[in-house]
Amino acid sequence: MSEKLVLIDGHSILNRAFYGVPDLSNSEGLHTNAIYGFLNILFKLLEEEKPEYLTVAFDVKAPTFRHEMYPEYKGTRKPMPQELHEQVPVMKQVLHAMGIRTMEQPGLEADDILGTLAKRAEKEGMDVSLVSGDRDLLQIASDKIKIRIPKTKGARTEVEDYYAADVEAKYGVTPAGFIELKALMGDTADNIPGVPKVGEKTASELLKQFQTLDNLYAHVEEVTKKAVRESLIANKDLAYLSLDLATIRIDSPVVLDWNEARLGELYTEDAYQLFRKLEFKNLLGRFEQKETKQDSLTAKIHVTSDLADAQEIFEAVKKAGHCGFAVLSDQKKCRKIEETEFCGLALCWGEEQIAVLPAEGFLTAQWLCSQLSDLYLAGVGLSTFEIKKAYPALLSNGEKDQDSCGTKTLFDVLIAAYLLNPLKNDYEPEDIAKEQLDRMIRTRKQLFEKLSLKEAYAQRPEEFYEYAGTLAYVCYAAMPVLSQKLEEAGMQKLFDEIEMPVSRVLYEMEKEGVLVRRQELQAYGDALVDRINELETKIHEAAGCEFNINSPKQLGEILFEKMGLKGGKKTKTGYSTAADILEKLAADNPIVADILEYRGLTKLKSTYADGLADYIEEDGRIHTSFNQTITATGRISSTEPNLQNIPMRTELGRLIRKVFVPRDNYLFTDADYSQIELRVLAHISGDEQLIEAYKSDADIHRITASKVFHTPFEEVTDLQRRNAKAVNFGIVYGISSFGLSQDLSITRKEAATYIEQYFATYPQVKTFLDKQVEDAKQNGYVTTLYGRRRPIPELKSSNFMQRSFGERVAMNSPIQGTAADIMKLAMIHVWEELHRRKLNSRLSLQIHDELLIETDRAEATEVAELLKDKMKHAAELSVSLEVDLHTGENWYDAK
DNA sequence: ACATTCACG
DNA sequence: ACGTACGTGAATGTC
């Protein structure tokens, strides 16, 4: 068995990876996607090839590349974008850390190094794999030298392999012929001139006839086409110069002792540290098997089920005055503690003080929770991860202040981490340990895969203890670090006075849930079915065949190919069949109108009628999850099910709201802010005209129309008002003439005029929006009125689209975020007031600018009054906050 | 796992 | 030349 050498074209693969892997960066802002992609390709190669030797060649000067999108565009090559450029030195660092030899030699291109090494190795009897994204290397292919070209196909990478025979099979020329082909046709991207008048087709025909360039010139008179023949003769020098340029050198003065390229231990300590720094979490797994580095933490974890021990521990915690804790229970929903799979508590009250208290023997769930609850009542500072799920245990002995949901003794590291960077997709304890404590801990998945906590405790106690103890430790140790960072970012108050209190409110709302009439919901769904079936038959008949109307692919083919409707391709995968496209066709094509109706009805059926029914629990109620750490702007989100997108805009959809009802002897009180975002804009921009407009208490869109279109208020037409309204919305979204023109179906130019007029009317709004973008570029983030931050990394992008997006986000986030802050304040105040007055009414839902309260009939007047009051005065802005309030026997009637 | 569509604010 | 309005979540089809 001969030895094997793998050669990698460094810049080329890095470039492929850069465009193939979505943008990634570590917490320091260093882009890492190309490195990540490169490593994935590298690891895949190593597994497949198991080579003895490997080396990566780089050009000395960073080369330019053909732009992915426009490979043939005028021969210009895009310079390497900054996001890729900064990754090159780090990539080399990573390779060196893994003991991989890199090659770069002044005066030599990577191609020449690779070609030379490949041929040399072949001569010495090795098998060679040469990996590049560039087809130029195909000229090196032989029986022993395999050229491998990774292609990013969708999510995964596929590799095309070429031995000499494969090159011939695919391209009809030998590897050597490749050079001649290029010499004749040229390659603008590589600055190879080629022979004028000779393109790909002619070049290929000439070679088929004459095989080589030499032979061609020996028989140049036999070339039939006159123009080509003359060009060939006139440009003989150019042809040979091109041949030279196209030839990859296989005899360059490369100095390499194979031993330097021999692979050794890849998973070194240095590499480990680098991977950590780059935050390649799923690549770190490769190191785990190598080094079972026991984190020093595990030795400190004290496990006991002895009552006296446990009592001592709680005493010690009380004495310490603060601790990190973890409630060891798996629960999707926040519930009473008896209903959870509680299996113990973990506590940490010092660097060396970590205890795990499994619920068994005398340590009952109830006892443990009441001890924890006592700590809370005693004013001990408590830090945990995801406090919403800890509340059942934490509150099991009642309240400290019955009517206050704010207490500075509670600290949720999850919420803190979210505030510091709301853009992340998840905030796992291991991420917090890494980012805040620079400590690697084993993840739950690593410790016990998919086992539930209870199963883990039974089957793998050691791992369970490690998980539990570590969790408490992270909560303990990360608290001061996060707290300090919040302080530095000016978000301490936001955290203490808005986020922590609102977590309590959300917990109560989830626990309470909302009553849904199951049978009425069922009946609603049934009523849809007949019409859906009718439409389905009708659509299939009109189309002349049966197909799946729900498949955009099939639908697109039927409409735009079979039936020949106009409406060009819009998506990557085919025709767009989105509603706004179909609506334009509906007038002329009855089938399209039917499809739209079908879409609407099936949506109602599957998402709402059937979808909601699955979430009705035994108490007849739906308990949604309100997520506090999801959105980039500070809004709450709702899942399982989403109760923040229940239909409203169409009458048929809106009827679903009739199945949401209050319990017996209760009714619904519903209040929503009137244009809170525009009012927020008026306040934070300080625009006198806009503030004045709101003080006049008249229809804001009509006022805007009047001012923008220079029309007396009474004479504003409906169209003018509609346009003004669209502009008002557009401003909040981060206006662009394109977006507005789309929305109003007008030209960009007209839209631009509207915007100009708008800014002339409200000049300080423009100043404000410009300043947001300016500040965001300066600081990397924008803030709300209450100090909430939204980082905007897109502003640094070299991509125009991304940057424009960043600018719109910079304009929108302070507005949307401030409105979200105000709503949270209102929720806290409403909750506290309900408790202070010992009322039975309870908050049910929050829908961004709307609150729904399940109201005791006896309290109806009082609740309406306090709800409106607390919402209106949640913030005192330079314009008043107006609230529309309704009551009713169900949600439909209460709006 | 990803894309498309559509429900809400 | 580029190709979008901001913020979400669920269902469905396709790979």
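Quick note: numbers below take in every heavy atom, side chains included, and nothing from hydrogens, waters or symmetry partners. Each chain gets a letter, A, B and so on, in the order its sequence line appears, and its residues count up from 1. The structure presented is a predicted model; accordingly, all values stated were derived computationally and were not measured.
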Looking for any heavy atom pair under 4.0 Å, which part of the strands does [X] touch: base, sugar-phosphate only, or nothing?
{"X": "I630(A)", "value": "sugar-phosphate"}
{"X": "E677(A)", "value": "nothing"}
{"X": "F729(A)", "value": "nothing"}
{"X": "S736(A)", "value": "base"}
{"X": "A632(A)", "value": "sugar-phosphate"}

With the side chain of [X] defined as its heavy atoms from C-beta on, choose the nearest nucleotide among [options].
{"X": "K553(A)", "options": "dG7(C), dC15(C), dT5(B)", "value": "dC15(C)"}
{"X": "Y608(A)", "options": "dG7(C), dC6(B), dA7(B)", "value": "dA7(B)"}
{"X": "R748(A)", "options": "dA7(B), dT4(B), dT4(C)", "value": "dT4(C)"}
{"X": "M648(A)", "options": "dT14(C), dG9(B), dG3(C)", "value": "dG9(B)"}
{"X": "A578(A)", "options": "dT5(B), dG9(C), dG13(C)", "value": "dT5(B)"}
{"X": "N550(A)", "options": "dG9(C), dT12(C), dG9(B)", "value": "dT12(C)"}
{"X": "K603(A)", "options": "dA5(C), dG9(C), dT8(C)", "value": "dG9(C)"}
{"X": "P552(A)", "options": "dG7(C), dT4(B), dT14(C)", "value": "dT4(B)"}

With a cut-off of less than 4.0 Å, is there a side-chain N or O of [X] near OP1 or OP2 of [N]?
{"X": "N642(A)", "N": "dC8(B)", "result": "no"}
{"X": "R790(A)", "N": "dG7(C)", "result": "yes"}
{"X": "Q742(A)", "N": "dG3(C)", "result": "no"}
{"X": "R649(A)", "N": "dA7(B)", "result": "no"}
{"X": "S576(A)", "N": "dT5(B)", "result": "yes"}
{"X": "S551(A)", "N": "dT12(C)", "result": "no"}
{"X": "S813(A)", "N": "dC6(C)", "result": "no"}
{"X": "S637(A)", "N": "dG9(C)", "result": "yes"}

Return the value, rounded to whole Å, for the distance between atom [atom1] of [X] and atom [atom2] of [N].
{"X": "L852(A)", "N": "dC8(B)", "atom1": "CG", "atom2": "C1'", "answer": "15 Å"}
{"X": "I549(A)", "N": "dT4(B)", "atom1": "CD1", "atom2": "C1'", "answer": "17 Å"}
{"X": "L643(A)", "N": "dG9(B)", "atom1": "CG", "atom2": "P", "answer": "13 Å"}
{"X": "I847(A)", "N": "dG7(C)", "atom1": "CD1", "atom2": "C1'", "answer": "15 Å"}
{"X": "M811(A)", "N": "dA5(C)", "atom1": "CE", "atom2": "P", "answer": "14 Å"}
{"X": "L601(A)", "N": "dT5(B)", "atom1": "CG", "atom2": "P", "answer": "18 Å"}
{"X": "Y733(A)", "N": "dG9(B)", "atom1": "OH", "atom2": "P", "answer": "10 Å"}
{"X": "Y575(A)", "N": "dT5(B)", "atom1": "OH", "atom2": "P", "answer": "14 Å"}

F738(A)-dT4(C) aromatic stacking (under 5.5 Å, under 30°):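 Check passed, F738(A) stacks on base of dT4(C).
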K658(A), NZ: over 12 other non-hydrogen atoms inside 6.0 angstrom: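 Yes, the 6.0 Å shell around NZ holds more than 12 heavy atoms from other groups.
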Salt bridge (Lys or Arg N to Asp or Glu O under 4.0 Å) evaluation trace for R599(A) with E536(A): CA-CA 10 Å; R599(A) 279 253 182 90; E536(A) 188 179 340; over 6 Å; no
Donor-acceptor pair (no angle test) under 3.5 Å: R808(A) side chain, dT4(C) base: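 Donor-acceptor pair under 3.5 Å: yes.
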Nearest-angstrom distance, C1' atom, dA1(C) to dC6(B):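 One C1' to the other, the span is 31 Å.
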Nearest-angstrom distance, P atom, dA7(B) to dC2(C):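 Those two atoms are separated by 31 Å.
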CA sep, side-chain torsions, deciding dist, call: D884(A), Y673(A), side-chain contact (heavy atoms from CB on, under 4.5 Å): CA-CA 6 Å; D884(A) 294 321; Y673(A) 280 115; over 6 Å; no
Test: E854(A) and R621(A) ion pair at under 4.0 Å: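 So E854(A) pairs with R621(A) through a salt bridge.
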Sidechain N-carboxylate O distance under 4.0 Å for R721(A), D699(A):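 Yes.
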side-chain contact (heavy atoms from CB on, under 4.5 Å) assessment of I853(A) paired with F668(A): CA-CA 6 Å; I853(A) 292 186; F668(A) 272 152; over 6 Å; no
Cation over ring face, R789(A) and Y781(A), 6.0 Å, 45°: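 Yes; both conditions hold, so R789(A) lies above the ring face of Y781(A).
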cation_pi(K388(A), Y507(A)) dist<6.0 Å, angle<=45: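 Ring-cation test returns no.
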Any-strand Watson-Crick or G-U partner of dC6(C), both distances under 3.5 Å: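 Paired with dC6(C), as far as the under-3.5 Å criterion goes, is dG9(B).
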